[in-house]
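Right, one structure below, let's go through it.
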Amino acid sequence: MSANAPGTPLPQGIGRITPGWLTIVGLAAVAVALGIYAYSLEASEGLVATGLRDLGTMGGATWGLYVTFVVYFGGVAFGGVTLAALIRLLRLDELRPIGRLGQLLTVVALLLAAIAILVDLGQPLRGLVNLFLYARPQSPFFGTFTIVLSGYLFASLVYLYLDGRRDAAICARTPSRLRWLYRLWAAGYGDSPGERARHRRASFWLAVAIVPLLVVATSTLGFVFGLQAGRPGWYSAVQAPAFVTLAGVSGVGLLIVLAAVVRRVAGSEDRLGLNVFRRLGGLLLGLVLVYLFLLATELFTATYTGEVVERRLTEALLWGEFAGIFWAALAFFLLSLALLLWQALTRRWSIPLLVVAGLLVNLAAIGKRYLIVVPSQTHGQLLPYPEGSYTPALGEFAVIAGLFGLGVLLIALFMKVFPIVELPEEEVPAGA
Amino acid sequence: MPKYAMAVDLERCQGCRACVEACKVENNTSQGVFWMHVFRLEEGEYPETRISFLPRPCQHCDNAPCVKVCPVGARYKRIDGLVLTDYERCIGCRYCEVACPYGVNFFNWKQPAENYYMDWSDPDIQPASGGEVPPYRNPELDGRYGSEQKQVAGGGHFRGIVEKCTFCVQRIEKGLQPACVTVCPVQALVFGDLEDQESPVSTYLRGKQSFRLLEETGTEPRVHYIGGRTPGTDVREIEPVEGRVGA
Amino acid sequence: MRNVLTVLMVVVGFALQAISYFALAAPWVTTGVASGEPRVVGAPVLFIAGVVLVFLAAVVYELLPEKRGR
Amino acid sequence: MGITRRRFLQGSALAGAAAGAAAGQRLLFGELETVVAAHPALAVAPSVEDFVPTTCWIGKQDCGIIARRINGRVISLAGQPEHPLNLGALCPKGPAQITALYDPNRVKTPLIRTNAKGQSGTWRRASWKEAIDLVAARVKETRDKDPKLVLWQKGRSKAKSFYDDAFVNSLGATKLGHGTYCSDAGYRALEYTIGLTGVLHPDFRETRYLLSWGWNITNGGGNKFCWITWPRQMLEARERGMKIVQIDPRLRGAGPFADRWLPIRPGTDLALALAFSNVLVAEGYVDGEYLARYTNAATLVRNDGTLVRVDGVPQVWDAAADGPAPLETASQPALDGAYTVDGMPARPAFELYREQIASYTPEWAADVCGLAADEIRGVAIEFGRNARIGSTTVVDGVRVPYRPVGIAAYHMSQQELGFQAVRAMLMMTMLVGAPGAVGGQMADTSWKIDKNYTALDEVEVKDPPYGYTLKSSRYFPINSGFPGMVAKVMLDPRRYGVEKLPEVMITHYVNPLVSFLSRREFIESYAKFKFVADISPWLSETADYFADVVLPAATLEKYEGPSSANDQYTDAVALRVPAMAPLFESRGEIDIYLDLTEAVGVLYGEGGYLDELNKSLKLEPPHALPLDKKPTPREIFDHWALAQGIEQGVSHFETKGVYVKGPLKPAKRYGYVTDPPFGGALHRFYGESLLRYRNEMQAKGAEEVYWRDYTPFPTWRSLTMDASPAEYDLDLISYKLIEHKQSRTGFMPLLAELAPRQRLDINPRTARERGIADGDEVWVESQNAVTGETRRVRTRASYTEAIRPDTVGMPNHFGLWADPRARERGPSPNEIYYVGEGYMTNTADQSFLVKVRVSRA
């Protein structure tokens, strides 16, 4: 493998600190600091600092914003890595440039989900230990903690690592302060046809292994809710498929947004061309359609059942306390559907419009996750407890903001260390 | 092996909530925590109004959703039927709480010592309280119970974990009745061993119609209600307790 | 050798998952003290180890130099 | 292969975390997360468990309690299984009072006021000696002038009131009751009519048909017992088939136990009782034998309302002899007809009654009471039919008339026509011969005739000047000593012909500013006391504003008693034994009174406190207390116990708590078979003396408002409050919650958690008409129809379908401010009631009814 001359810049602005980047990293760091501060208050006072309270006589919701975002981040992670895997499996070469972005998104989102679970625990330190010592497969949480957060995180890291070896090897050709890292990462990768073939085979099987794992894992997240017979609004067979679909929607949506950002800041306009976005848009359109179908099924079932509590819950969703979030989420879905449909029908795809659609579906997904988590607790009591209420405390918002900040920070740092868009084939001299 | 169960006679219950208070003192539960709760309910329109009462201890289900969902096995079912929480195991995820259709789980949102209604640190009461918080702190709650010798009675009540009614495990292992049963002025609560044909609960239930709460959810509760019926859907809770813990 | 090792890792990994899942934590027992306790403390770690092993196989497969060499 | 190794290391780190968990145990499960070993000392220290029998200190029936102690520290309170009243059970106040025991907000030392009165107090701590000497000096000063000007009042007598009576008697002071806020008018009505001190309650073991008349079954007690005993007896009766008719504007009190609900308009109970009686008479449900034999219904009445007397002995018409005769000798006393005696027309009282009651038809009452006439008639007929007039049964080998119908009505006297309403209810049961019959009407646990049976018949209506309690006055000839009236008199003594006003007030665990109605009068009158001393475990609102000295009383940590543990069927007596040493510097009341009387100089010798203690406890040699030696409370009770024939003395109670004497014999319980029957009292169906007072009051120039309800038979008239302007369109009632006891529990956190704050019960229909949603803040404004004054409080609306749409209700608690934890719990309805003419009975007892309007705040 030939070395580049000193002074040759690393691709995609790696290692170059720009004021724009600094601003974003600074803002993200502030958010993280805020989140840490908010959490430290929570850690010292107890979860009483949140807006969460017990169900029943205390009239609260015991799972709130944190669990909402556990589910949301879990979904995003699913979307990211599934796409990356599908690119391999289905040989969607056009989409290859965003493969790494998808993998990265998964790793980061999983990390955030894990932190969100920890901040929600009453005894986080114990959680870290006891889950490894005593986790029970009977609990749907087993899946969440072990499969989703360990297996899946590890698998994504392996995937990211193996897929990045070639680019690491390329970067290692350029002298830089990070060269040791690239060498380490490349681990002797020479991009020989043999290695390429081996990598192709390995990553194919990895993808084969990952996708079902992910479907299982994400449905498991759905089962956390869907298996609860005593909780109106949760006990439903559509819960798992709806979870998976919405996960895809939010993951792909966020990927579109990220890709658009990366395209701008990493100067990858040529790698991340309109065709990439067109494909993603099409995918998103399909997922949104499937999701809306499932949503409609869910709503019809809920409104048609004779169960008074179910009906009361549906009423709270449709016209009651949660109507604002519900209709806003639905409007966002429909709006993004309209945007996507219009683009698909006219075959005139626009990146800004896609970004808008991506943002909209993510907001809607967050709203929808919230509506799955909270109303069944406050309005879904089977015994005649008074209606509960839950208003997230400022601290909870701060922690969530901190999580987003951490996500941005991690991705931003990654971008300055490693090519976030897979480097083009032709840069590699054949048969080196 | 005994099979513990409780019978609640709704034809006798007067909704006085003495059981609630006896439970709170016996088990030293902190503010806003009601291991035992008594619903006071109203339905119908004037003048066809109906008042009813419904005591709600933990149902100690045979097919307990809380046991099933507990990710670390902190919530477990004993062979004698008690559903208990291992205070040293619980991680505070509150999954049991969302899984339970009866609303019997309580999370310790605050440091319990700071949630005992009053500031007990007053130096003048130390000679009488011996520095205990609350001053009526029951040392038996610190014990380990059952063949598995777990800390399940709630001694001290720890922040960040979930707790609930234990059928007063510290009392029944001594051969006493749960505190709520003992205190009830009208003997609306009956406790005992279903295996023993002569136990109070067996004799009380014999030949009587009974039902269990939310049987349709498949939880197989160990609390049997006599008289009355499952609260209808148009019942309204009246006179709710002050249940919300402030920040 | 590499293939053997890889396959072995995958097989052992899945076996670990299966064993720890089905035997150690006894999911078919839903009541009684037994269901609250993994039969071996740390069974979940074994399960995770299984998952890790399976995916690590891919790394091994890619990184392990071929014995024959080039 | 560095990378693989790296991975491996990471993997082993994971395993290491598991292994390291043991090392990190302390961090993870130790102090940081406050899990294990929070109380290591307790775990190792050997603990001594013991049980002390004591009694409840909140409720009135002094339920037997067992205090469980660990190393001398009380950790829980449970019921005494052998105590007949509570049989091992307790109400919510029982276990919850443990927080009161340790309450750091109790008064810890004697306090002496350092700021001016009439505002929230500032205090300095004082020694017992200084405080007692100060109180004694002020008492002595006034007592030397006139002992009657020392006023003493207690909120609720715990146990027998022997030590307080002895205190008042040894000083020659004036005792003021609180009963006029309770059911005193009812007690007077029964004492006057049948000679028993008590209000109406049934013979639960046998009753088949019960009119639960304003009886708050699930929250209140009865006149003798607290909340535990009656309901249990009621439930057992119900399980035997007893039917309950709930007569109450509000259903909540009856809970699920009402078989029929008559939602009566507040204040019209007299009209309903008269209509029931009308039906009973019309349908022939009249027990002529009882009426003729045991009441004065057969007594001949002249046209002027006086009885026909020969040599001072009232005469009946003996139908057998066809001439007048005393009841004792008449073989066939006539209940009806018209006769001529000594040339003057005379008719049996019952004939007059029949004539008067004829106009009180169910149709008439339906209008007044807001009920359906059919319903009234139906209940009356069921009552009459269930009475089984003429039947008898055998109880414990004794044949007794069987009338299994009764009324439970305790606080029904708390209304403008309360005295007559309760009398009318009693007379309704008299029509069917139920008083003293098996299953019939009861009022006390035995048929011991009260001295008021005679005294209330012989009141002498005097001319002014009057004492400040207006006893024997032309205003309230029958009078229990109404603190509200005393307050009014203090504000305007000349208006009531009073010359001397009280100067020193000793309040013992009473809180007039909050518990009594109409705060304004109390604030103004308390300002006139020269000296106020308060004995209480907590700083009451009254003490906060007006006490010069506060003496801290103990709660459960003292000897007190004896209290009756008689449940109507078993006779027993109990004693409170200190559950632990008194907290802080508090002391038992007996200790306080011993010291106080010693400091005043009235402890020793004849007529002194010790002598009075002997009298009130009926201690005679050899068990009498020596008059020259100050005893401890324990010694006093030891003397008493020995005098009762309890060999072990007080130590019996220290180990057992209660002394059970055994079942009550039918001959004691049932009036028909006591010797003489009904304790020898002839039941006053006809109230001749009431008419006499009326005439004398008129003659001495009293206004109509005072004498109009002194009628020989209960007579309906329209209510004063109904003259309020039409916009005051709702009746306000107040009621008791099981969690609270008057104004003395609002600050007990365990109880306040269950019943946290004031509310306004309002029918949703009524509320919606006014645009009030459930939970809205509302103003409740009352109007005094006599003076035009209005008062208002702010609270929260609480929807309930269990109340008449024209009635609103508020629990009779809250409104405290002296304890920081009791604030923010809302006002007391007492603040918007009125004291004075039109809002009290003819016997000077408070009415708890007023017209209000409700609007959104």
Side-chain angles (χ1 to χ4, degrees), chain B residues 10-12 14-18 20-22 24-26 31-32 42-47 49-53 87-88 111 113 117-120 122 124-125 128-130 132 134-139 142 151 155-156 158-161 179 182-187 228 236 238-239 241-243, chain D residues 29 33-36 38-39 42-43 47 70-71 73-79 86 88-92 94-96 98-99 102-104 108 217-218 227-228 231-232 235 251-252 254-256 261 263 580 583-584 738-739 749-750 752-756 763 765 798 800-805 821:
Chain B
L10 298 180
E11 309 233 307
R12 292 189 76 96
Q14 322 209 61
C16 73
R17 293 176 174 163
V20 176
E21 297 295 54
K24 291 208 66 118
V25 174
E26 168 69 27
Q31 194 163 352
E42 185 184 293
E43 61 191 305
E45 271 182 42
Y46 176 89
T49 319
R50 215 184 91 98
I51 305 273
S52 57
F53 306 116
Y87 279 67
E88 292 165 311
Q111 198 71 261
Y117 305 96
M118 287 196 240
D119 180 9
W120 298 109
D122 187 311
D124 293 333
I125 63 164
S129 72
E132 296 291 355
Y136 50 91
R137 190 174 191 285
N138 183 0
D142 296 327
Q151 189 177 2
F158 313 115
R159 192 186 93 184
I161 65 167
T182 307
V183 81
C184 180
V186 290
Q187 288 102 49
R236 305 172 290 273
I238 52 170
E239 301 168 16
V241 296
E242 189 170 64
Chain D
F29 304 114
E33 301 284 334
T34 67
V35 174
V36 185
H39 287 265
L42 258 181
S47 55
I70 301 276
N71 296 337
R73 180 173 58 92
V74 178
I75 65 156
S76 71
L77 305 171
N86 59 312
L90 287 174
C91 81
I98 198 159
T99 57
Y102 292 103
D103 190 346
K108 293 173 178 167
I217 302 176
T218 60
W227 177 82
I228 290 181
R232 191 174 43 225
L235 278 171
L251 181 64
R252 167 67 183 87
W261 179 30
M580 55 197 265
L583 235 72
F584 319 118
I738 184 63
E739 290 87 354
L750 284 170
E753 190 178 24
L754 296 190
N763 192 295
R765 246 172 294 170
S798 166
T800 174
E801 292 282 356
I803 195 165
R804 277 178 71 88
R821 293 159 302 169

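Letters A, B, ... are given to chains in the order of the sequence lines, protein chains preceding strands, and every chain is numbered from 1.
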Nearest 0.5 Å, what's the CD1-CD distance between D:I75 and B:E26? 6.5 Å
CZ (B:R236) and CD (D:E801) are apart, to the nearest 0.5 Å, by 5.5 Å
Between B:R137 and D:R73, does a side-chain contact (heavy atoms from CB on, under 4.5 Å) hold up when you go through it step by step? CA-CA 9 Å; B:R137 190 174 191 285; D:R73 180 173 58 92; 3.9 Å; yes
Residue among D:L77, D:L90, D:I228 with most heavy-atom pairs under 4.5 Å to chain B: D:L90
Using heavy-atom distances under 4.5 Å, tell me whether D:T99 contacts chain B through its side chain, its backbone, both, or neither. both
List the atom of D:P95, the atom of B:A22, and the distance in Å for their closest heavy-atom pair. CG-N, 3.7 Å
Residue part contacting chain D, namely of B:E43, when any heavy atom lies under 4.5 Å: neither
So do the side chains of D:P104 and B:M118 get within less than 4.5 Å of each other, counting heavy atoms only? yes
Where does B:I125 contact chain D at under 4.5 Å (heavy atoms): side chain, backbone, both or neither? both
Between B:Y136 and D:Y102 the two heavy atoms that sit nearest each other are N-CE1, 4.4 Å
When the 4.5 angstrom heavy-atom criterion is applied to D:L583 and chain B, the contacting part is side chain
Ranking D:G79, D:S76, D:P263 by heavy-atom pairs under 4.5 Å to chain B gives rank one to D:P263
Please enumerate all residues that pass salt bridge (Lys or Arg N to Asp or Glu O under 4.0 Å) together with D:E753, with sequence neighbours excluded. B:K24
Contacting region of D:N86 [heavy-atom separation from chain B under 4.5 Å]: neither
Residue D:F584 versus chain B: region with a heavy atom under 4.5 Å: side chain
Is any side-chain heavy atom of D:I738 closer than 4.5 Å to one of B:R17? no
Would you mind checking which part of D:A78 comes under 4.5 Å of any heavy atom in chain B, side chain (CB onward), backbone (N, CA, C, O), both or neither? neither
Residue among D:N763, D:L750, D:T218 with most heavy-atom pairs under 4.5 Å to chain B: D:L750
Would you mind checking which part of B:C184 comes under 4.5 Å of any heavy atom in chain D, side chain (CB onward), backbone (N, CA, C, O), both or neither? backbone
Side chain, backbone, both or neither: which part of D:R804 has an atom under 4.5 Å from a heavy atom of chain B? both
Which portion of B:E42 sits near chain D, non-hydrogen atoms under 4.5 angstrom: side chain
Under a 4.5 Å heavy-atom cut-off, does chain B meet the side chain of D:I217, its backbone, both or neither? both
Nearest-0.5 Å distance that lies between atom OG1 in B:T49 and atom CD1 in D:I803: 10.5 Å
Which one of D:P231, D:C91, D:P256 satisfies the side chain to side chain contact (heavy atoms under 4.5 Å, CB included) criterion with B:Q14? D:P231
